[in-house]
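The structure under discussion appears below in the form of structure tokens.
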Amino acid sequence: MAGLDLRHFLDLSDAGPQALRAILADAGARKAARTGLPKAHADDGAPLDGYVLAMIFEKNSTRTRVSFDVAMRQLGGSAIVMESGSMQLGRGETVADTARVLSRMVDAIMIRTSDHAKIEELAHYASVPVINGLTDQSHPCQIMADLLTLQERGVALEGMELAWLGDGNNVLNSLVEAAGLLGFNIRAGIPAGFEPDAAFVTRAREAGSQITLTQDPFAAVKGAQVVVTDTWVSMGQPGGDAVIAAMEPYQVNAEVMAAAAPHAWFLHCLPAHRGEEVTDEVIDGPQSVVWDEAENRIHAQKSVLLWAMGKL
Ligand code: CP
Ligand code: NVA
């Protein structure tokens, strides 16, 4: 039976504004409290002592894989990593049966897959929380790390003016969702045909957020407090010379950063394609907080896990 009261984290709206703020506050406090400790040393109280997370990967990952594993260790629990190609899921066992079996064996499931419908199906049949580790549609865990990173730099999320340049992809969809839930505005400079999912944009606008889509990269970044980009070709998406040519005007370089607000922060979920969506000068420069952003995947996801387990 589907667990109707379960706290799945398929998208940011599953948690809602109040829980998202609580997750960010808890993540900041936990991070501060463990300064200087070895990476896998458990937090005080080891709140997930005895808990185990299963992770299913149907796409490549470095950050998501390591950060969830280390997050579970820091909470006193453990994690099992599975590639779908080496699972029975990869040779025809159904998503529903996989959900039923894993729910008897582990306390939560994280999955990275292409089709968002698959993660919804997994959540439907699971009796433990399911967490979205990226689909073609969204990447909510990434955005929690991004928001934590900006909070650490003293940026007030409410009313924040954020610019996005490049492909309107899964990361932008979740960023747009966050804007609607937490009350900030996004100006996205995107070539025609690469816009974010219209449903995310509509919901954020209905919530009162200003989501501006423009084909002018400088209009997008003008005065922005934060500039964000991502790969021009996401995993599993068609690339090619025509896509790269369409994206080239949207590269985040020194000229673009100069048009943003003074001391604007630069974010990138990584992996970066240096020389394409961002220059070395920007990603390695003083306005870049991408390494904090990557580390914060651990801290933000710990609090997502605690929320999903009903402990926050
Ligand atoms: N940003 C991110 O999700 O990185 P990985 O693909 O390495 O997990
Ligand atoms: N948009 C990118 C994010 C990678 C973490 C992708 O889906 O490939």
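Just so you know, ligand 1 is whichever comes first in the structure, and atom 1 is the first atom listed for that ligand.
Nearest to atom 6 (O) of ligand 1 by heavy atom, out of R63, M235, R112, is R112.
Between C269 and ligand 1, at least one pair of N/O atoms sits closer than 3.5 Å. Considering backbone and side-chain N/O atoms, S234 comes within less than 3.5 Å of an N/O atom of ligand 2. Here's the thing with M235: one of its N/O atoms is less than 3.5 angstrom from an N/O atom of ligand 2.
By the 6.0 Å contact criterion, CG on D216 is enclosed, its count of non-hydrogen atoms from other residues, nucleotides or ligands being greater than 12. Taking a 6.0 Å sphere around NZ of K222, one finds it holds 12 or fewer heavy atoms contributed by other residues, nucleotides or ligands. Shown here is E83, whose CD atom has more than 12 heavy atoms of other residues, nucleotides or ligands within 6.0 Å.
Here the side chain of H116 pairs no donor or acceptor atom with the backbone of Q137 at under 3.5 angstrom. A donor-acceptor contact shorter than 3.5 Å links the side chain of Q287 to the backbone of A264.
Less than 4.0 angstrom separates some heavy atom of L270 from each of these atoms of ligand 2: 5 (C). Close contacts between ligand 2 and N169 involve ligand atoms 1 (N) [criterion: under 4.0 Å to a heavy atom]. For ligand 1, the atoms lying closer than 4.0 Å to a non-hydrogen atom of T62 are 5 (P), 7 (O), 8 (O).
Within the 4.0 Å heavy-atom shell around ligand 1 one finds L270. Heavy atoms of H139 come nearer than 4.0 angstrom to ligand 1 in at least one pair.
Judged purely by distance below 3.5 Å, without hydrogens or angles, the side chains of T64 and R112 pair a donor atom with an acceptor atom.
Counting heavy atoms under 4.0 Å from ligand 1, residue R65 does not touch it at all.
Looking only at protein heavy atoms, the nearest one to atom 7 (O) of ligand 2 is N170 ND2, 2.9 Å. The single protein non-hydrogen atom nearest to atom 3 (C) of ligand 2 is D230 OD2, 3.6 Å, given as residue, atom name and distance. The protein heavy-atom contact nearest to atom 4 (C) of ligand 2 is L134 CD1, 3.9 Å. Protein heavy atom nearest atom 2 (C) of ligand 1, with residue, atom name and distance: R297 NH1, 3.2 Å.
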